[in-house]
*Asks:* 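Got a structure here, written out as structure tokens. Questions coming.
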4 protein chains.
Amino acid sequence: MTVVDDVRSTIQGLRREVCALHEQLTRYRLVVWTAGNVSARVPGQDLLVIKPSGVSYDDLTPENMVVCDLEGRVVEGEHAPSSDTEAQAYVYREMPHVGGVVHTHSTYATAWAARGEAVPCVLTMGADEFGGEIPVGPFAVIGDDSIGRGIVETLRGSRSPAVLMRNHGVFAIGKDARSAVKAAVMCEDVARTVHISRQLGDPVPLAPAQVDALFDRYQNVYGQR
Amino acid sequence: MTVVDDVRSTIQGLRREVCALHEQLTRYRLVVWTAGNVSARVPGQDLLVIKPSGVSYDDLTPENMVVCDLEGRVVEGEHAPSSDTEAQAYVYREMPHVGGVVHTHSTYATAWAARGEAVPCVLTMGADEFGGEIPVGPFAVIGDDSIGRGIVETLRGSRSPAVLMRNHGVFAIGKDARSAVKAAVMCEDVARTVHISRQLGDPVPLAPAQVDALFDRYQNVYGQR
Amino acid sequence: MTVVDDVRSTIQGLRREVCALHEQLTRYRLVVWTAGNVSARVPGQDLLVIKPSGVSYDDLTPENMVVCDLEGRVVEGEHAPSSDTEAQAYVYREMPHVGGVVHTHSTYATAWAARGEAVPCVLTMGADEFGGEIPVGPFAVIGDDSIGRGIVETLRGSRSPAVLMRNHGVFAIGKDARSAVKAAVMCEDVARTVHISRQLGDPVPLAPAQVDALFDRYQNVYGQR
Amino acid sequence: MTVVDDVRSTIQGLRREVCALHEQLTRYRLVVWTAGNVSARVPGQDLLVIKPSGVSYDDLTPENMVVCDLEGRVVEGEHAPSSDTEAQAYVYREMPHVGGVVHTHSTYATAWAARGEAVPCVLTMGADEFGGEIPVGPFAVIGDDSIGRGIVETLRGSRSPAVLMRNHGVFAIGKDARSAVKAAVMCEDVARTVHISRQLGDPVPLAPAQVDALFDRYQNVYGQR
């Protein structure tokens with residue numbers, strides 16, 4: 001198998017994985033209609049695999065995923081890529097440890113984003129996954145680097161793998177696409193629980209040392225080795 | 001194939017499409033029991049295809065869809081048409097660019113409608129799809145032209161493809177039935193997110209110029225060409 | 001076919017219908033675990049068919065439905081009947097036009113019931129189905145006629161086919177079991193929408209004459225003849 | 001069949017049962033991603049069967065369940081056990097009548113837990129299943145006996161089979177795993193309904209004697225004998 005074949009095979013696998021991960025977005029009701037997407041970096045290549053724009057989740061196949069370079073230009077695929085491709089490409093360019101990006105308008109997270117308010121860290125699940133609050137990024141207009149820049153600048157100052165872009169929605173990152181989807185799922189769950197808790201009073205704060213201890217353990221001990 | 005055969009074949013296709021689109025209403029939980037419906041204009045004919053009245057979504061078939069003229073009289077079909085047929089026929093008569101109409105009582109949108117309050121445009125998704133607030137129409141009694149007139153008068157003064165009829169529910173329009181269903185789905189999603197955001201404070205407003213820029217881009221660039 | 005065979009065949013049909021209608025309770029998330037049930041009167045007989053007590057919805061079959069007399073005593077079946085059988089039998093004894101009864105603890109309706117507050121009629125859907133507010137019945141302890149009496153006394157003073165029993169849940173009636181299930185579904189939908197509407201302000205009231213007009217039309221014109 | 005074969009067969013049965021019960025957690029949306037688990041005591045043995053850590057609910061099989069001793073050490077299985085194993089093992093050690101334990105972060109229950117507030121008993125369903133309020137346990141850090149101790153100390157002073165661990169989530173117990181799952185389902189349902197009721201006012205209190213009567217009847221009369 002040549003190097004070229006190897007890259008081809010990796011891209012084939014990522015097409016399948018990225019396609020299949022969209023089922024998690026619909027299962028957890030993070031998206032309606034076509035309003036959300038998953039992408040993955042092609043490891044070792046300046047390429048990403050992403051959902052086609054405006055195509056229904058029912059109609060996604062590995063074949064209609066789109067391969068783009070890290071400027072967001074289509075390299076392989078018959079469809080136009082997600083309109084979030086430029087923002088996600090910017091994240092891959094600037095954050096080399098990121099292997100997957102997810103975008104949703106999930107209800108509770110977006111409700112915090114509309115107020116420009118971070119989700120405070122008052123749950124062990126929030127400490128585990130986000131290591132603190134889920135931060136808010138700036139309002140940014142689609143069509144240039146503004147969204148990508150807003151995501152990167154906000155996440156660089158945080159342990160959180162998710163950012164609430166103001167008046168817009170969620171961008172989540174991870175070492176691979178699956179981790180980014182997990183962060184998007186947890187972001188909505190934490191945003192919802194904290195919202196509901198606050199409706200009838202004030203949640204008890206967690207001390208920073210407690211948050212640190214939970215975050216460290218979850219990142220290093222949880223799950224299968 | 002004669003002209004008559006051609007119309008017959010178009011109607012067959014619309015029966016299948018209108019029937020199938022009701023699955024989107026149940027999937028997104030916009031309707032309960034039989035309380036919501038989809039219709040489509042038969043292009044070039046003064047005819048529409050609509051759900052039968054009071055028939056369960058599980059029992060819909062292309063064959064039991066009803067064909068009516070634009071006065072709401074049954075032209076083809078063994079069932080009585082939706083009790084919203086007159087309102088929808090009025091919309092097709094008065095708005096020639098409309099190819100599909102959807103009616104729901106979806107929860108959050110109807111909650112705004114019960115207060116007679118428009119959904120403010122504080123989300124990029126709201127700007128994209130509705131180009132501003134989702135407007136409120138008058139309270140109108142079923143059984144004459146009042147509902148149709150209320151829909152048309154409200155939507156003529158707006159870029160929104162959806163209107164919240166006071167104390168009643170949602171009517172959404174589109175260039176075809178699928179676009180109208182999309183507008184109904186997005187209407188509930190935006191109504192829900194803005195409602196939840198407002199429960200804990202005030203969403204940050206979007207400037208009119210930002211709304212315009214988002215609306216223009218979404219209408220002209222998003223999706224597949 | 002003898003008269004006895006005829007009754008046997010009617011009961012067989014009702015076992016199937018009552019069993020199948022429980023799927024509507026789970027589909028619309030009106031019940032969790034085993035907490036809700038449907039019953040039907042056997043027309044012309046002092047008998048009813050009801051869900052067995054404490055059996056999971058997944059395990060319901062026509063065969064494990066229980067036939068009781070109108071004192072709630074088991075006539076046919078190997079299982080203990082629903083613990084709500086006495087209440088429902090009381091309703092059938094006192095209200096001869098009732099052919100079906102449903103009991104749920106559906107979330108929003110029960111939330112109103114916990115405050116002892118009727119759901120006001122501020123939606124066309126509420127006027128259509130309930131002809132006014134959804135009334136509250138007394139707090140009543142299970143185990144004697146109290147619940148049945150509370151249901152009957154409350155519903156006799158109302159056009160509503162559903163009553164919110166205080167601190168408890170919903171009882172809905174209909175000319176047959178399917179109509180009672182419909183009333184239970186609509187009750188939760190209206191209770192939810194009005195609740196959400198009231199969270200951010202006051203719904204616009206409907207005038208009594210408007211409610212009457214909607215109720216009359218819906219009861220007499222809607223659906224298939 | 002020898003004693004050893006008998007234990008082996010019991011464990012096989014519990015692997016199947018514990019695996020299958022996780023479907024109830026996802027069906028009732030008590031968990032997202034991998035954040036919740038079920039365990040069962042092996043009767044007569046100092047052993048428990050529990051979910052593997054960080055494995056998706058879609059990928060659970062009887063074979064990948066993990067058997068641990070009551071110190072939380074793996075006895076049989078190729079996966080690391082749930083990170084809640086120590087807490088649950090502590091419960092089995094200290095409460096010999098407990099045959100099943102469930103942990104979730106279900107939304108409404110966890111919202112009460114984040115405020116450190118017990119769910120008051122204002123519903124017949126709450127009286128039936130919990131015999132009073134659903135109590136709050138202390139904030140406890142994972143990794144030693146703190147969580148287990150907090151659960152046991154809180155539940156010993158209560159008739160409730162569920163405890164809201166502060167800023168964390170729900171632990172529910174039962175005579176077997178199925179009963180513990182039922183308690184977790186009912187806990188979320190009661191927490192949600194009481195939350196929603198309180199959003200628009202104060203639920204009517206239930207008198208202690210009423211709560212006692214409901215609890216006694218439900219524990220002793222409800223369901224099949």
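In what follows, chains are A, B, ... by sequence order, proteins preceding strands, each numbered from 1.
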*Asks:* For residues 161-171 of chain D, give me every residue with a non-hydrogen atom less than 4.5 Å from any non-hydrogen atom of chain A.
*Replies:* D:R166, D:N167, D:H168
*Asks:* Do you know which two heavy atoms are closest between D:S83 and A:R217, and how far apart they sit?
*Replies:* CB-NH2, 2.9 Å
*Asks:* So which residue, D:T110, D:T34, D:T107, ends up with the most heavy-atom pairs under 4.5 Å with chain A?
*Replies:* D:T107
*Asks:* Which residues pass the side chain to side chain contact (heavy atoms under 4.5 Å, CB included) test with A:A184, sequence neighbours left out?
*Replies:* A:L30, A:V102, A:T104, A:A172
*Asks:* Between A:A127, A:G126, A:P203, A:P205, which residue shows the highest count of heavy-atom pairs closer than 4.5 Å to chain D?
*Replies:* A:P203
*Asks:* With respect to chain D, which residue among A:V181, A:L206, A:L214 yields the maximal number of heavy-atom pairs within a distance under 4.5 Å?
*Replies:* A:L206
*Asks:* Counting heavy-atom pairs under 4.5 Å to chain D, which of A:R198, A:Q210, A:K182 comes out on top?
*Replies:* A:K182
*Asks:* Under 6.0 Å from the CG atom of D:D46, do we count more than 12 heavy atoms belonging to anything else shown?
*Replies:* no
*Asks:* Identify the two heavy atoms, one from A:L123 and one from D:A114, that lie closest to each other, and give their separation to 0.1 Å.
*Replies:* CD2-CB, 3.8 Å
*Asks:* Could you tell me which residues in residues 48-64 of chain D have at least one non-hydrogen atom under 4.5 Å from a non-hydrogen atom of chain A, sorted by residue number?
*Replies:* D:P52, D:S53, D:G54, D:V55, D:S56, D:D58
*Asks:* By a 4.5 Å heavy-atom criterion (distance strictly below it), what part of A:R29 contacts chain D: side chain, backbone, both, or neither?
*Replies:* side chain
*Asks:* So which part of A:D202 gets closer than 4.5 Å to some heavy atom of chain D, the side chain, the backbone, both or neither?
*Replies:* backbone
*Asks:* Mind listing the side-chain donor-acceptor pairs of residues 65-75 of chain D below 3.5 Å, one per line with the distance, residues two or more places apart or on another chain?
*Replies:*
| from | atom 1 | to | atom 2 | distance (Å) |
| --- | --- | --- | --- | --- |
| D:D69 | OD1 | D:E71 | N | 2.8 |
| D:D69 | OD1 | D:G72 | N | 3.0 |
| D:D69 | OD1 | D:R73 | N | 3.0 |
| D:D69 | OD2 | D:R73 | NE | 3.0 |
| D:D69 | OD2 | D:R73 | NH2 | 3.2 |

*Asks:* So for A:E188, is it side chain, backbone, both, or neither that comes closer than 4.5 Å to the heavy atoms of chain D?
*Replies:* neither
*Asks:* Under 4.5 Å, counting heavy-atom pairs only, tell me which of A:M125, A:M186, A:H195 racks up the most with chain D.
*Replies:* A:M125
*Asks:* Return the option, out of A:L200, A:D128, A:T124, with the maximum number of heavy-atom pairs under 4.5 Å with chain D.
*Replies:* A:L200
*Asks:* Just how far is it from atom CZ of A:R27 to atom CH2 of D:W33, taken to the nearest 0.5 Å?
*Replies:* 8.5 Å
*Asks:* Does any part of the side chain of D:V32, heavy atoms only, come nearer than 4.5 Å to the side chain of A:Y28, both counted from C-beta?
*Replies:* yes
*Asks:* Does the side chain of A:I196 reach to within under 4.5 Å of the side chain of D:R192, using non-hydrogen atoms?
*Replies:* no
